[in-house]
Every structure is written in structure tokens, then in C-alpha cells.
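All chains are named by letter (A, B, ...) in the order of the sequence lines, taking the proteins before the strands, and each is independently numbered beginning at 1.
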Number of protein chains: 2
Amino acid sequence: MAATLHDVADLAGVSFKTVSNVVNGHPHVRPATREKVERAIAELDYRPNLTARGLRKGRTGAIALAVPELNLSYFAELASFVIAAAERSGLVTLVEQTGGDRDRELALLRSPRLRMTDGLILSPLGMRQEDADALDVPFPLVLLGEPVFDWPSDHVSMRNAEAARAATEYLIASGRRRIAVIGEYEDEVFGSARARLRGYREALEAHGIGYDGRIVAHATLWHRADGARAMRELLDRGAPFDAVFGFNDTLALGAMRVLQEAGLRVPEDVAVLGFDDLDEAAYAIPSLTTVDPGREWIGRTAVETLLERIGGGRDAAPATRLADFSIVERESAPRG
Amino acid sequence: MAATLHDVADLAGVSFKTVSNVVNGHPHVRPATREKVERAIAELDYRPNLTARGLRKGRTGAIALAVPELNLSYFAELASFVIAAAERSGLVTLVEQTGGDRDRELALLRSPRLRMTDGLILSPLGMRQEDADALDVPFPLVLLGEPVFDWPSDHVSMRNAEAARAATEYLIASGRRRIAVIGEYEDEVFGSARARLRGYREALEAHGIGYDGRIVAHATLWHRADGARAMRELLDRGAPFDAVFGFNDTLALGAMRVLQEAGLRVPEDVAVLGFDDLDEAAYAIPSLTTVDPGREWIGRTAVETLLERIGGGRDAAPATRLADFSIVERESAPRG
DNA sequence: ATGTCCGTTTGCATCGTTGTACGATCGTGA
DNA sequence: TCACGATCGTACAACGATGCAAACGGACAT
């Protein structure tokens, strides 16, 4: 169907190898020949078969990105950055969704679906420490998220605990004392939720505020609906709070919606602080104070790290790279 | 590095083709042999090289999806559905971002980047009628969006004009007469913006309401920031309006934010109606009345259509498939 | 005229897999 | 014991490209 090197060669009256040389910009090709070949290429609308090239070269020029769901805005924005960074390096990106499900994450690592790519950027959510062996894969792998696996692999993440601590201290500095949390996730032994909870507790402790489990609400996947549900639960429990720290923006936004349905004013009655600095956060009503986790840097760095691993040493020591964060002040939680 | 059929064959003491037969579930393999081979596969952690398989079979098992940006929630949610549908069919999805840029869309259609995939689902935004020739590509192609290209290709879309008309009539029925629009896009001769504007005008006309260009605001890419900018422009122009129809939800949400900054109440002073029914719309404050365009159906159907084209006739007549829409009533624009 | 050299072009093997055609082996019935 | 299907396994040739090494041809020096 589609034209091959041979077809072009026949038309141009040269050997197919010469066509290959032209296509690859090989230096020693006579201008006249080159032009002849290029005309034939144009006429037949020849495009190299990347599958064949990939087989021969051992590199496909594609990488895979696996995230829980593109529905979650954080991952959509992250994917956007990863794809853009990959494109700048001439790579295409294949996107997988794991649903944050442990089995699907494990299956992905073992399946041959990825044998078409040169490497994987994985944002694990359901895996546990005991699954660390599964990370011993025969292709380059970069992990996103809190690096607590006991396995030597490349990580790109942010200072989750420090950021959560800073966010909590921000709320404390603004005069809040009863700070509720949404997004705790007890099963997740290694992830961001755990690290953020740790940061939260450190901040409380540093300021002599006791930890009260009644104002800490659970959420597994971090959709708006989960934030809303968690907030209803907090309200039902009846323990008072004057601020809410959502472990991500969608949780915070879902919670903010329920607060306002309940007739509570944000920030007067309850301050709300999120995490991620989604585009959406700046346009919410009220606009959402949140932690900017350096998403763009994370996406870009993940691709760079993967590329280093693909290109160079299999055996260079695995690195952990951490993004800088900052707190973005907006209406939902004004600075003190 | 990674194990091949040959390695497995050596270990199992059979020919490499027998291993291939086992891997492919070929019927006539003695159970004893099969088991021997499977043990060797497990021991070597063999995974078929999909690149080689793709070359041999002429199918790679991957499709490409090209959207303007994953940053735009509509496309993120659409991509999520497409990837999920593809996965159910055993396909992986490669995601490209065009930025809605004409040149990049054209480049994508011509580049060899896609020769690694079995087909493409493209959501064009910058291309124009004169570029229709570029759609004559040597691989299966399904277009998303308003089907106005004068070129026979498969299309999956929705009834943009009807939906916009229904939305406008909804606002009219609720008592609004001065209905502003955000998202008009004059350069786009074929796309959703044009069709939605047509539906809007039809509704006005049907109810004897004059079209007033002063309350129609332009936007190219449909981010929240564009909606906010457009709303500021509308307010500056000073022409009165009692409703705003955003051509998508992010535009509407950006506009709603600016309305409230300007001290206008939604929906009392100005009703707001969006388009897309993003997850976000239900949690906005106030929640956003919007058009549900059947995104999930669109994503699923696009994959199905592409698969039919890949599998079967190159020459079956191109089909246009349209999703059903519905209007979701929420707080920002209550029914009359 | 011949040999050398360099720029240019070509042929062959190869990447890991599957399809086709055929050869080997087994169990069965005469 | 032998012939014969049925069953199982193997050899070989692709798929379309690249890397290597050798062949070609003309220009130049000798």
C-alpha cells in the first residue's frame, strides 16, 4: 500500500540503500542523485516506516506515560507538559490510564504493551512497598510521586511533606487553629497523601496544636465528588473547624462547594487551601489559595531523566529530583 | 538484552517457531511442549517485541489521538474516554497536541510520526477548507468536530447548531432577551464555533430577537482566561445583557468569575450557560447550567469508527455519526 | 597507461516476529 | 509389522529499514 524505500528506489533508478542514505542525511550523496531521489520521494509521498526503523535501530522514538486518570485535572495538566517536553525531543508519547488501581499498575509493568516504547514514566498510586520487585523492569523507568519505594529507581517529585507543612503553617499564621484535612488515604503507605499528612502533623506539633482525627477525612481518588463527600462527612461529624486543607485542588473545590451549600462562608467562616494550582483554581469563586507544586518542571524533568536513562548508562546511580514549591495566595485563604 | 523467541527456544529445547506458536495460542501444540515453553518464558521473563510483531503483521496495535491541548478540560476528558475505549479493544493510544495551530495540524498529517500507528483520530481547529487536500492521507483517519470539510472522511461529532439553538431557546424561555455570546471565532470557517453561532442566531430569529454584534465576544482558544478576557471586553463595551452563553464551559466559568468580580450576581443579574458539561461545572459556585454533548459517546464512537476503517474496507463510504445532546439545568441559569 | 585514492553507490546481513509449506513423529487399525 | 492420517515441529522467507564493508568510477599523480 504505502510506498517503501524500494518503490522510491525503482522510480529514481537507484538502489534502495541510496534512498535510505538520502532520507538519513548521509553526507556522501551527489547533489544530482539526492535531488532525483527527493523528487521520487515527493511523487510517491514516501514516509519512512517507523516500525521497521524502530526494529532495526532498537529505539522507537516513543515513550509511555501512565497516570491514574486524565479526568483528574492534575494529571491532565501534567500529561500536557510531558507530551510537550517529549515532543521537543522528537518523541511521541503514549498515554495509559491505570485508574490508580494496584493490579492495573502491576499489569502494566509486566505487560508487553510497552515493548513498543523506549521507556515509561509512571505515576503509581495503588502499588505498595511489597510490590517493589515489580519495578525491576527491562526498560528505563522514571517514577513520579513520593519516592518511598525501597527500590533504586529514578524519581521526580516534589517536597510533599515540606509543602504540606508550609501550607498548614500558612493557615496557622493566618489565625486558624482547627484545620481540617481532606485526602488522607490510610492504605497508601508511600504516596503523596501520607507525606502531606506528615507535613500537616509536623506543622500542628510545631505550633502546639493537637491532632484531631475527627477533622481528618479520607479520600482515595481525588475527584471533586470525593472532596464533596468528604466535606459532608466532616460536617456530619460535628467537630468544629475553621479551615480546610485539601490534599489537592479538586478535593478542595468539591469541599468548597459543599461548604457554601451548607451556608458557610469562605474564607470568613472556613478558609480553604488546596494543592496543585490548577488553572481552575484561579477562576473559582472564591479563587483558591493553593500550593504550586512546579508541575511544569516535574513534567519536563521526568522526560529529561528518562532520556538520560534511555540514551546513556543503564547503571548510572538512580537519582531523585525534587521540584520547588510555592504557596499561591488567593481569596479562599488570605494571608493573615 | 531482553529475551527473544530464540532465547526461550534454546532454554526450552524447541525451535523458536514453536515458541511463537505457543505465544500465539496456536492450536496444535502438545500440552507437554506448551508447558515446557511456558516455563522457559516465565524464567526468562520473555515479552514479545511489539515492534517486530507490528512490522511483520502490518498492524501496530496503536492509534493516535490529536487534540489542541490536554490543558483544555474538554479535551482531557475526551482523551480519557478515547484511551479507555481503545484499551478495551486492546489498543494503546498515542496523544499529540497541536495547540489548535493550523501549521502543526498540517505537519502532523504529513509527518511520519504516525507511521507507528494504525490510524488517527484528529480534532482539527486551525485548518481551513483550503487545506482539505491534506486529509488525503495513507492511513485511516477519523475527524472530530463539525463536519464541514469538503472531503469524504469519517466524522464523529454532535449537533452543534441544534444544541446551541436549544441552549439559546432555553435562556429565552427563562425570560432572557439580551443574550451575550463568548467564543465566536471568525476565522474558523468550519468548526464548532461557527455552528454554535449559527444555532444561536437561529434561536434569536425564531423568537424575533435582533442580533447585536456588541454582545458577541471573540475567543480563539477556549481557556478560562479567554472567557475572563472576553467578559471584561463585553462589560467595557457597555451594551447591556441579561445572559451569557459560553461556547464551552471553561469560557463560561472564566466569564462567571469576572461577572462576580464586577459585582454582578449570577443568575439574578446575568444567567450563565456553558457547553460541555465538564465535571467541574457541577461544582462551580454557582453550579453551571450547560449542554451535555455526549462526550463519552463521541470518544467511544470515534474509536469504533476508526477500528472499522482499520479492520475492514478502505472504501466503505465515509460516515458521519452524531451524538445526542441534552441541557443540564443547574444554578447559573435556572429554567424559567 | 597504470595505480591510488576518495567520493559515491551498492549488496548483504540483520533486527524479532509471523505465515506458509513441508518434514517428522505418534498412535491407530489392518 | 506396516501403512496411514492426524498431530506436532521446523525451515525458510518475508515485513521495511539501517550498518557495515565492499565495489564502483572518475580524477589525479606517477
Side-chain angles (χ1 to χ4, degrees), chain A residues 1-38 40-41 44-62 90 111-118 138-139, chain B residues 1-38 40-41 44-62 90 111-118 138-139:
Chain A
M1 194 69 234
T4 72
L5 283 183
H6 287 94
D7 302 327
V8 176
D10 288 350
L11 182 62
V14 296
S15 87
F16 80 99
K17 188 62 230 280
T18 299
V19 179
S20 167
N21 288 338
V22 170
V23 171
N24 290 283
H26 190 80
H28 301 304
V29 177
R30 208 166 11 181
T33 319
R34 159 163 285 125
E35 202 197 327
K36 208 166 47 176
V37 169
E38 271 162 358
I41 287 178
L44 294 177
D45 195 23
Y46 167 77
R47 296 158 206 202
N49 180 320
L50 294 186
T51 303
R53 179 182 287 175
L55 174 60
R56 183 60 238 240
K57 308 232 290 192
R59 289 269 194 90
T60 63
S111 89
R113 306 190 98 212
L114 301 175
R115 287 305 300 273
M116 210 171 354
T117 62
D118 297 334
F139 46 81
Chain B
M1 194 69 235
T4 74
L5 284 181
H6 292 273
D7 302 328
V8 175
D10 288 350
L11 182 61
V14 297
S15 89
F16 78 100
K17 186 62 224 283
T18 298
V19 180
S20 167
N21 288 339
V22 170
V23 171
N24 290 284
H26 191 81
H28 299 305
V29 177
R30 208 167 6 183
T33 318
R34 160 163 285 128
E35 201 197 329
K36 209 167 45 176
V37 169
E38 271 162 357
I41 287 179
L44 294 177
D45 195 21
Y46 166 77
R47 296 160 206 202
N49 181 319
L50 294 186
T51 303
R53 179 183 289 176
L55 175 59
R56 182 60 238 242
K57 308 233 288 193
R59 290 270 195 86
T60 63
S111 88
R113 306 191 98 212
L114 301 175
R115 289 301 303 271
M116 210 174 349
T117 63
D118 296 334
F139 47 80

Q. With distance as the sole criterion, do the side chain of A:K17 and the base of D:dG19 form a donor-acceptor contact below 3.5 Å?
A.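 Checked by distance alone, the answer is yes.
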Side chain of [X] only, heavy atoms from C-beta on: which candidate in [options] is closest?
X     : options                : result
A:L5  : C:dT17, D:dA17, D:dC8  : D:dA17
A:R30 : C:dT9, C:dT17, C:dT18  : C:dT9
B:R56 : D:dG16, D:dA14, D:dG19 : D:dA14
B:S15 : C:dT17, D:dA11, D:dT18 : D:dA11
A:Y46 : D:dT10, C:dT17, D:dA17 : D:dA17

Q) Do any N or O atoms from the side chain of A:D10 and from the backbone of A:D7 form a donor-acceptor pair under 3.5 angstrom? A)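 Checked: no pair found.
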Q) Any side-chain N or O of B:S20 under 4.0 Å from OP1/OP2 of C:dT18? A)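 Yes, such a contact exists.
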Q: Look at the side-chain N and O atoms of B:T18 and state whether any lies under 4.0 Å from the OP1 or OP2 oxygen of D:dG9.
A: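 Answer is no, no contact under 4.0 Å.
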Q | Comparing A:V29 and B:N24 on DNA chain C - which has the more 5′ nearest nucleotide | A |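 Residue closer to the 5' terminus by nearest nucleotide: A:V29.
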Q: Assign each of A:H28 and B:T51 to its nearest nucleotide of DNA chain C by heavy atoms, then name whichever residue's nucleotide is nearer the 5' end.
A: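 Going by which nucleotide is closer to the 5' end, it is A:H28.
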(Q) Strictly by salt bridge (charged side-chain N to carboxylate O under 4.0 Å, His left out), give each pair with a member in residues 19-38 of chain A just once, sequence neighbours left out. (A)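 Passing the test, one end in residues 19-38 of chain A: A:E35-A:R39.
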[X] near the nucleic acid: base, sugar-phosphate alone, or nothing, with a heavy-atom cut-off under 4.0 Å?
X     : answer
A:H6  : nothing
A:V14 : sugar-phosphate
A:P48 : sugar-phosphate

Q.
Rounded to whole Å, how long is the line connecting atom CZ of A:F16 with atom P of C:dT8?
A.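 The distance from CZ of A:F16 to P of C:dT8 comes to 21 Å, rounded to the nearest Å.
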Q | Option among B:L5, B:T33, B:V29, B:V14 that satisfies the side-chain contact (heavy atoms from CB on, under 4.5 Å) test with B:V22 | A |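 That would be B:V29; it is the only one of B:L5, B:T33, B:V29, B:V14 passing the side-chain contact (heavy atoms from CB on, under 4.5 Å) with B:V22.
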Q. Between the axis at one end of the helix from C:dA1-D:dT30 to C:dA30-D:dT1 and the axis at the other (five pairs apiece), what's the angle to 10 degrees?
A.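 The angle, to the nearest 10 degrees, is 70°.
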